[in-house]
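One structure below.
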Amino acid sequence: MQELIQAVQNSQTFLSGLSEAALAIIFFVLFGLVFATVAAVCALVFVYLERKISAHMQDRLGPMEVNTGIPLLKNIGHGWAQTLADAFKLLLKEDIVPNAADRRLHLIAPFILFCAVIAAFSVMPFGEKLVVSDMNIGVFFVLAITSFSVIGVILAGWASNNKWSLLGGMRSAAQIVSYEIPSGLVVLVIVMQVGSLRFNDIVMAQAGGILHWHIFQFFPLNLIAFIISFLATLAEANRAPFDLPEAESELTAGFATEYSGFKWAIFYLSEYANMFLIGIFLSALFLGGWTSPFGSLFGGFFDKPGWQPVWIILKAVAIIFLQMWLRWTLPRLRVDQLMYTSWKVLTPFAFVTIFGVGLWMLF
Amino acid sequence: MEKIIAVLFMFAVSALLALIFFTLNRLLGPRKESVVKSVPFETGRAPITLPTHRMSIKFYMIAILFVLFDVEMIFFYPWAVVFRKLGILGLIEMGIFILVLFLGLVYAWKKGALEWE
């Protein structure tokens, strides 16, 4: 950030006359806007991907019709504009608030959820320099800020004043809270190895190709850590097979039952933005982040800075594909199985991996 | 400092983004209030009772366990960062800590706090 401001001040454009503080504010707003928009647009793309992937897994075609009249994009086909059309449709829908609902809390809840997810993107390393805020407590910050989503969810359930919503909200809170323990613990395995909570330090510790990725170090401890982390974050995002809070066959739509219009769309968007967040988070911790999998092969061509966002987004998309694959493969768990998995399987295993890695590092 | 300000700006921008779309929705969407529409949804019939029942004790057990474990988890973070410097002593100390924590988990387990049935 400091270098950017210096560079602009030294340049001969109309911006060079501005003070440092003004430039800093301009950059903050620009960075924030770009990252938030990228996250939201990616969420839209993932909704489309999910519909297409689920369709092809079930031998269907999925959305095929919706298209735009824009000259160059007219012939792409495969219903690529479906989610755009859905988003516009939701903008034109009535925003219904039931009589019994607490109007203020009903309004705030989706905002809290959305802000918590999008704000977590501010420490995500899309490249060595492509971070809004490269904090030295990045990993901890992500865990702290994503916990905010519990408040949004339980508030949505409470404020709707509806039985389905309340049950869904309570279930969701219990689930997110339970799975936060293993997901928070297992991250420590990586932090111990790197000795830093900064995302860029963690990613740079894995530079030099696919064999240096954390997932392949300390075999099989880090692999177990990755699996625990993947499952726990999957549950925290309320994704199938852990989608009990919105189990449509028992709870209508869970905490989102009384939401309509764009408030509902915000819930939906934050779910997919959360998936993207998890993808980036896991690939930074375990899959080498923005470093290239080829290392110095091909004369270091893929190690150039321009490739960094491409690599990390590709890895994130791979993890998201895995999440979608699981959703369309496994049936939903029961509540008692869900709690069993978190407290009696993942948490003890997380403790064991931490202790095992500690022993391995010393001896 | 600037790193924290950047995060605050990110918060503000995301809230702004959501707010813009929400106001657009308010402006573009129809507003037709009706009595039936604003009744809380409940299998298609008018609800007889309010949803402010007593919730099951299980949720409270999970909440208490979470507070316990989450607070303990915080202590792991600074330890993990300086783990290499602490060496064997740090591992032994944290081993004792994990043991105590694990005993707590076993106690909750044996007491049936983790049973959902």
Side-chain angles (χ1 to χ4, degrees), chain A residues 1 24 28-29 31-33 35-36 40 91-96 98-100 111 114-115 118-119 121-122 132-135 140 161-164 166 170 174 177-178 180-181 184-185 188 191-192 195-197 252 257-258 261-263 266 335-336 339 343-344 347-348 351 355 358-359 361-362, chain B residues 2-7 9-15 17-19 21-22 24-26 28-32 37-42 47 50-53 55 58-59 62-63 65-66 69-70 73 76-77 80-85 87-88 91 94-95 98 101-102 105 108-109 114-117:
Chain A
M1 192 65 88
F28 284 148
V29 172
F31 258 61
L33 263 181
F35 272 68
L91 270 180
L92 300 176
K93 287 287 173 189
E94 185 179 357
D95 173 34
I96 305 165
N99 260 344
F111 280 80
F114 188 72
C115 289
I118 298 295
F121 275 95
S122 54
V132 175
S133 141
D134 189 17
M135 277 202 230
F140 186 67
N161 221 348
N162 174 313
K163 281 161 200 156
W164 306 128
L166 188 58
M170 290 296 260
V177 142
S178 301
E180 214 171 281
I181 310 278
L185 278 174
L188 292 168
V191 175
M192 277 161 74
S196 171
L197 288 164
T252 324
T257 304
E258 292 291 7
F262 213 78
K263 278 191 207 159
I266 290 176
V335 187
D336 60 315
M339 292 303 162
W343 290 100
K344 298 186 187 174
T347 308
F351 278 130
F355 208 67
L359 280 177
M361 279 170 69
L362 290 176
Chain B
E2 71 169 37
K3 285 170 181 166
I4 294 166
I5 296 173
V7 168
F9 267 98
M10 194 81 176
F11 251 114
V13 164
S14 57
L17 213 70
L19 200 68
F21 280 114
F22 175 68
L24 266 181
N25 182 207
R26 269 288 160 94
L28 296 175
R31 306 266 293 159
K32 287 177 200 142
K37 201 194 279 175
S38 52
V39 168
F41 172 75
E42 200 174 309
L50 278 174
T52 43
H53 284 305
M55 291 304 288
K58 291 171 270 186
F59 292 110
I62 294 289
L65 273 178
F66 164 70
F69 275 86
D70 211 38
M73 205 172 78
F76 281 79
Y77 274 85
V81 173
V82 291
F83 175 69
R84 276 186 202 274
K85 283 178 207 140
I88 184 80
L91 189 70
M94 202 34 92
I98 289 184
L101 204 61
F102 209 74
L105 184 67
W109 195 328
L114 305 179
E115 307 298 327
W116 198 268
E117 287 306 310

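If you're wondering where the values come from, they're calculated on a predicted model, not measured in any experiment. Residue numbers start from 1 in every chain, and the chains themselves are labelled A, B, ... in the order their sequence lines are given, proteins ahead of strands.
In this structure, CG on A:Leu188 lies 7.5 Å from CE on B:Met73, to the nearest 0.5 angstrom. Separation of atoms CG (B:Leu17) and SG (A:Cys115) is listed at 9.5 Å; rounding is to 0.5 Å. Here the straight-line distance linking atom CG of B:Leu65 with atom CD1 of A:Ile181 works out to 8.5 Å at 0.5 Å rounding.
Contact of B:Arg31 with chain A is made through backbone and side chain together, with heavy-atom distances under 4.5 Å. Heavy-atom distances place the side chain of A:Ile266, and not its backbone, under 4.5 Å from chain B. In this structure, the portion of A:Leu362 lying under 4.5 Å from any heavy atom of chain B is its side chain and not its backbone. Using a 4.5 Å cut-off between heavy atoms, B:Leu91 contacts chain A through both its backbone and its side chain. Contacts between A:Glu180 and chain B at a heavy-atom distance below 4.5 Å involve backbone atoms as well as side-chain atoms. Heavy atoms closer than 4.5 Å to chain A are found in the side chain of B:Ile98, but not in its backbone. For a residue to count as touching a neighbouring chain, one of its non-hydrogen atoms must lie under 4.5 Å from one of that chain's; by this rule B:Phe21 touches chain A with backbone and side chain alike. Neither the backbone nor the side chain of B:Val82 has a heavy atom closer than 4.5 Å to any heavy atom of chain A. Of the two parts of B:Leu19, the backbone and the side chain both hold a non-hydrogen atom closer than 4.5 Å to a non-hydrogen atom of chain A.
Ranked by non-hydrogen atom pairs under 4.5 Å with chain B, the options A:Met361, A:Lys93, A:Met135, A:Met170 are led by A:Met170. Note: B:Lys32 leads B:Lys32, B:Met94, B:Arg26, B:Lys85 in heavy-atom pairs under 4.5 Å with chain A. Contacts with chain B were tallied for A:Ile96, A:Leu359, A:Val335; A:Val335 has the most, counting heavy-atom pairs under 4.5 Å.
Considering only residues two or more places apart in sequence or on other chains, A:Asp134 meets the salt bridge (charged side-chain N to carboxylate O under 4.0 Å, His left out) condition with A:Arg198. Judged as a ring-ring contact (aromatic ring centres under 6.0 Å, His included), and not counting sequence neighbours, B:Phe11 has no contacts.
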key: side chain to side chain contact (heavy atoms under 4.5 Å, CB included) evaluation trace for B:Val81 with A:Phe140   = CA-CA 11 Å; B:Val81 173; A:Phe140 186 67; over 6 Å; no

ask   = Between A:Phe262 and B:Leu24, does a side chain to side chain contact (heavy atoms under 4.5 Å, CB included) hold up when you go through it step by step?
value = CA-CA 9 Å; A:Phe262 213 78; B:Leu24 266 181; over 6 Å; no

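By the 30° and 60° cut-offs, the orientation of the rings of B:Phe69 relative to A:Phe351 is tilted.
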